[in-house]
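Here is the structure we will look at, set down as structure tokens.
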Amino acid sequence: MNQQVLVLIKPDGLKKSLTGNILTRLSETKLEIVAAKMVRVSRGLAVEHYKHMKDKPFFEELIQYIQGTLHDRKKVMAMVYWGDNAITKVRQLAGATNPEEADPTTIRGSYGRITTKGLYENVLHTSSNEAEAEREIKLWFQPDEVIVDLYPTKIIEVKAETKRIWA
Ligand code: ADP
């Protein structure tokens, strides 16, 4: 069954120069990358992405973490992996949310840590199920940024649009 999954390399992963290592590990899945970009994460995007965590005591820290404030790296790398059983394959390689509990051979087990304030810094995010994958992919990517048709789209007319272009 073909599935798609959002993968974010979080600011700690970028700061630790782990992009290559993480992509190499994920390539073991033989899944296809169908979208990729660097994103400067606004507070609005961060809060929407983690809205299911808003009652957690570490929510504010989590927002600062994904925005890169904690690591002085104000960006994440966002990707969509696509292929057979993608969600389980990527989550198995990523390992458990708590990096201390994650199998040491997994990405989080190898590279994650718990901060002195108790936040799990676990170097990457991966969608947990199909519904979350759909919500998250639609939040992080526009249809034309993904090279396969994942979800239905519609054409709308946009009037009086302003946008930034190269000067
Ligand atoms: P996952 O990222 O594995 O899907 P969650 O959606 O439950 O896990 O949590 C989102 C993020 O919040 C985690 O990746 C981690 O950075 C942080 N987190 C989750 N649970 C805890 C916790 N109990 N203590 C500290 N940080 C946590």
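Given the structure is predicted, the values throughout are model-derived calculations rather than measurements. Indexing begins at 1, ligand by ligand and atom by atom, following the structure's order.
Just one residue in the list Lys74, His71, Met38 forms a side-chain contact (heavy atoms from CB on, under 4.5 Å) with Leu14, and that residue is Met38.
For Met53, every heavy-atom contact with ligand 1 shorter than 4.0 Å involves the side chain, none the backbone. At a 4.0 Å heavy-atom cut-off, ligand 1 touches Asn122 through the side chain alone. Contacts between Glu61 and ligand 1 below 4.0 angstrom, taking non-hydrogen atoms only, are absent altogether. Looking at Lys10 against ligand 1, only its side chain comes within 4.0 Å, counting heavy atoms. Proximity of Arg108 to ligand 1, defined as any heavy-atom pair under 4.0 Å, is confined to the side chain (atoms from C-beta onward). Residue contacts with ligand 1 for Leu62 involve side-chain atoms from C-beta outward but no N, CA, C or O (heavy atoms, distance under 4.0 Å). By the criterion of a heavy-atom distance under 4.0 Å, the side chain of His52, and not its backbone, is placed next to ligand 1.
Using cut-offs of 30° and 60° for the angle between ring planes, the Tyr50 and His125 rings count as perpendicular.
Annotation for ligand 1: atoms under 4.0 Å from non-hydrogen atoms of Tyr65 are 16 (O).
For the residues Tyr50, Phe59, Tyr120, the heavy atom positioned nearest atom 24 (N) of ligand 1 is part of Tyr120.
No heavy atom of Glu121 sits closer than 4.0 Å to any atom of ligand 1.
Side-chain N or O atoms of Arg135 include one that pairs as donor or acceptor with a backbone N or O of His49 at under 3.5 Å. Remark: the backbone N or O of Thr106 is paired with a side-chain donor or acceptor of Ser110 at under 3.5 angstrom.
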For Glu121 and Thr115, what are the C-alpha separation, side-chain angles and deciding distance, and is it a side chain to side chain donor-acceptor pair (under 3.5 Å)? CA-CA 7 Å; Glu121 277 187 7; Thr115 66; 5.5 Å; no
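In terms of protein heavy-atom proximity, atom 25 (C) of ligand 1 is nearest to Gly118 O, 3.2 Å. When hydrogens are left out, the protein atom nearest atom 21 (C) of ligand 1 is Phe58 CZ, 3.2 Å; that is the closest non-hydrogen contact.
In this structure, Lys37 satisfies the cation-pi test against Phe141, with its NZ or CZ atom closer than 6.0 Å to the six-membered ring centre and inside 45 degrees of the ring normal.
Between Thr97 and Tyr120, the shortest heavy-atom contact is O-CD1, 3.7 Å.
Salt-bridge check for Glu132 with Lys138: failed, with every basic side-chain N at 4.0 Å or more from each acidic carboxylate O.
The distance criterion of under 3.5 Å between nitrogen or oxygen atoms is met by Thr97 with respect to ligand 1.
At a cut-off of 3.5 Å, with distance as the only test, a side-chain donor of Asp12 or Tyr65 sits close to an acceptor on the other residue.
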